Enquirer: 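One structure, pasted below without further comment.
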Amino acid sequence: MLAISAPSSADLLTDEETISATSSETGTLLKGGTGKSPERKISKQSKNSCSKEDVTQAWFTTRDDKNNLQSHGHTWKQGQWTKSEVDLLKKNIEEYCAERGIEDATEIIFQMSKDERKDFYRTIAKGLERPLFSVYRRVTRMYDQKNHVGRYSPEEMEKLRDLRVTFGNDWISIGTALGRSASSVKDKCRLMKDKCNSGKWLLEEEKRLTAAVHDLAKKKPGEQVTSGLSWALVAEQVGSRSEKQCRTKWLNYLNWKEVGGTEWTRQDDVQLILRLSDLDVENESDIDWNELCQGWPSARSPQWLRGKWWSLKRHINNYQNLSF
DNA sequence: CTGGCTCAACGATATAATGA
DNA sequence: TCATTATATCGTTGAGCCAG
């Protein structure tokens, strides 16, 4: 855990609620040979009783696998990658390439057969507290030239609609034709909502949203909510807005309003800076915004508060880090 | 069969655009 | 100048595919 991201503060893992950070040092021992329970997969690694390796060097994606590892006290890092993690990843990849005289990492990632790139992911995952599937995800997105192209122009949108008709859900073909990555066009289609209102919410819409949330979450006013709430259904009841719009509107405004939140003031700005500088956190991404939000009536939601911080920062100077 | 990915779905986040 | 809204991309979940 030490190695990269949080040298001095292993206790400050970001915001995992499901995977407790507390057991990271003590609870990592795998029960070695005694595996009596329905052991599936992963078994290959579990014979050597060292723990970290099992997690960061194994592919595991099913619920059973994850539960199994967690019940054995394993933890792994989640959430946004920090800059140092990304740097290390890049360095590992460069080294891997250099050792084999490969110039372009994308060759390995997108062209080689699995056999040819045997152990690629395991090798470059060294030193990272992340499972292989997480590393894989990051790498394929990071090195995809067709990713990060930016906003869609109206012409592209038009073309996209046509391509959608001819290719259906063949995102790879659509992406190729459009010069975008498959995941980009897929996301775009998912999120493009032509039949929704945009701009300012009408009072009526807000009322419908509030009603829908109460109804679907079976929630009394004042109760905290929304795990397991289907925003798709909410959006359906609201009628005029997408689920994404509904969700952010609720999280960043209506919920706060309902619990009697107070306006944000200059005082709060100061308060925020104070609390942040109190925090003793290495990395900005280690800040626990959920916790920071607790009992702060003018903080509308963790993500909202975070936004506050960004805009505050932008006023000072360019992108410096740390809570200072 | 199984290791090594690959895919789909979807909420979360970061940042840009817009509006009052 | 804010605050609010829009949107491209990221991260997590959970399965599924397929060559060897």
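Only a predicted model underlies this, so the values are computations on that prediction, with no experimental measurement involved.
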Enquirer: Send over the distance from A/Lys249 NZ to C/dA3 C1', rounded to a whole Å.
Expert: 10 Å
Enquirer: Answer yes or no: is there a donor N or O on one side and an acceptor on the other, between the side chain of A/Trp256 and the main chain of A/Thr262, under 3.5 Å?
Expert: yes
Enquirer: Salt bridge (Lys or Arg N to Asp or Glu O under 4.0 Å) with A/Arg208: which residues, sequence neighbours excluded?
Expert: none
Enquirer: Evaluate the salt bridge (charged side-chain N to carboxylate O under 4.0 Å, His left out) criterion for residues A/Glu156 and A/Lys188: first the C-alpha distance (whole Å), next the side-chain angles of each, then the deciding distance (0.1 Å), finally the verdict.
Expert: CA-CA 11 Å; A/Glu156 277 186 303; A/Lys188 187 65 196 175; over 6 Å; no
Enquirer: Would you please indicate if the ring centroids of A/Trp296 and A/Trp264 are separated by under 6.0 Å?
Expert: yes
Enquirer: Expressed in angstrom and rounded to an integer, what is the separation of A/Phe133 atom CZ from B/dG3 atom P?
Expert: 17 Å
Enquirer: Does a salt bridge link A/Lys83 with A/Asp87, judged by any charged N lying under 4.0 Å from a carboxylate O?
Expert: yes
Enquirer: Taking all heavy atoms of A/Glu263 and all of A/Ser298, pick out the closest pair and write down the distance.
Expert: O-CB, 3.4 Å
Enquirer: How about A/Phe133 and A/Trp76: are their ring centroids closer than 6.0 Å?
Expert: no
Enquirer: Can you measure A/Asn67 atom CG to C/dT13 atom P for me and round it to whole angstrom units?
Expert: 10 Å
Enquirer: Which listed nucleotide (B/dC5, C/dA8, C/dT4) is nearest to the side chain of A/Lys188?
Expert: C/dA8
Enquirer: Between A/Arg122 and B/dG3, does any side-chain N or O lie under 4.0 Å from OP1 or OP2?
Expert: no
Enquirer: Figure out the CD/P separation between A/Gln303 and C/dT5, and round it to whole Å.
Expert: 15 Å
Enquirer: Please check the phosphate of B/dT6 (OP1 and OP2 only) for any side-chain N or O of A/Tyr136 closer than 4.0 Å.
Expert: yes
Enquirer: Could you check A/Asp162 against A/Lys159 for salt bridge (charged side-chain N to carboxylate O under 4.0 Å, His left out), going step by step and ending with a plain yes or no?
Expert: CA-CA 5 Å; A/Asp162 292 346; A/Lys159 206 168 161 195; over 6 Å; no
Enquirer: For every nucleotide of nucleotides 15-20 of chain B, 5' to 3': is a protein heavy atom under 4.0 Å from its base (B), only from its sugar-phosphate (S), or from neither (-)?
Expert: B-S---
Enquirer: If you compare every side-chain N and O of A/Ser184 against the phosphate oxygens of C/dT9 (OP1, OP2), does one of them come in below 4.0 Å?
Expert: yes
Enquirer: Of the listed nucleotides (C/dT7, B/dT6, C/dT12), which one gets closest to any side-chain atom of A/Thr61?
Expert: B/dT6
Enquirer: Of the nucleotides B/dG4, C/dG11, C/dT9, which has the atom closest to the A/Trp59 side chain?
Expert: B/dG4
Enquirer: Walk me through whether A/Asp268 and A/Thr265 qualify under side-chain hydrogen bond (donor to acceptor under 3.5 Å, both in side chains).
Expert: CA-CA 5 Å; A/Asp268 289 308; A/Thr265 64; 3.2 Å; yes
Enquirer: Picking from C/dG14, B/dC5, B/dA8, which would you name as closest to the side chain of A/Arg137?
Expert: B/dA8
Enquirer: Given C/dG11, B/dA8, C/dT4, which nucleotide is nearest the side-chain atoms of A/Trp171?
Expert: B/dA8
Enquirer: From CD of A/Gln80 over to P of C/dG11, roughly how many Å is that when rounded to an integer?
Expert: 5 Å
Enquirer: How close or far is atom C1' of C/dT7 from atom CE of A/Met157, stated in whole angstroms?
Expert: 11 Å
Enquirer: Nearest-nucleotide wise, let me know which of A/Asn169 and A/Asp119 is further upstream toward the 5' end of DNA chain B.
Expert: A/Asp119
Enquirer: May I ask you to verify if any side-chain N or O of A/Gln245 is less than 4.0 angstrom from the OP1 or OP2 atom of C/dT5?
Expert: no
Enquirer: Using whole Å, what does the distance between atom P of nucleotide C/dT4 and atom CH2 of A/Trp201 come to?
Expert: 14 Å
Enquirer: Compare every heavy atom of A/Cys293 with every heavy atom of A/Ala299, then report the nearest pair and how far apart it is.
Expert: CB-SG, 3.7 Å
Enquirer: Starting the side chain at C-beta, find the nucleotide from C/dC2, B/dA9, B/dG4 nearest to A/Lys114.
Expert: B/dG4
Enquirer: Quick check: on DNA chain C, is the nucleotide nearest A/Asp115 upstream (toward 5') of the one nearest A/Arg130, or the reverse? Name the residue that is more 5'.
Expert: A/Arg130
Enquirer: Going by number, which of residues 140-149 of chain A have a non-hydrogen atom under 4.0 Å from DNA chain C?
Expert: A/Arg141, A/Asn147, A/His148, A/Val149
Enquirer: If you check every side-chain atom of A/Gln78, which of C/dA3, B/dA8, C/dT13 has the closest atom?
Expert: C/dT13
Enquirer: A/Asp269 pairs by side-chain contact (heavy atoms from CB on, under 4.5 Å) with which of A/Gln267, A/Gln271, A/Arg266?
Expert: A/Arg266
Enquirer: By the 4.0 Å heavy-atom rule, please label A/Tyr253 as base, sugar-phosphate, or nothing.
Expert: nothing
Enquirer: What is the distance, rounded to the nearest whole Å, between atom CZ of A/Arg138 and atom P of B/dC5?
Expert: 19 Å
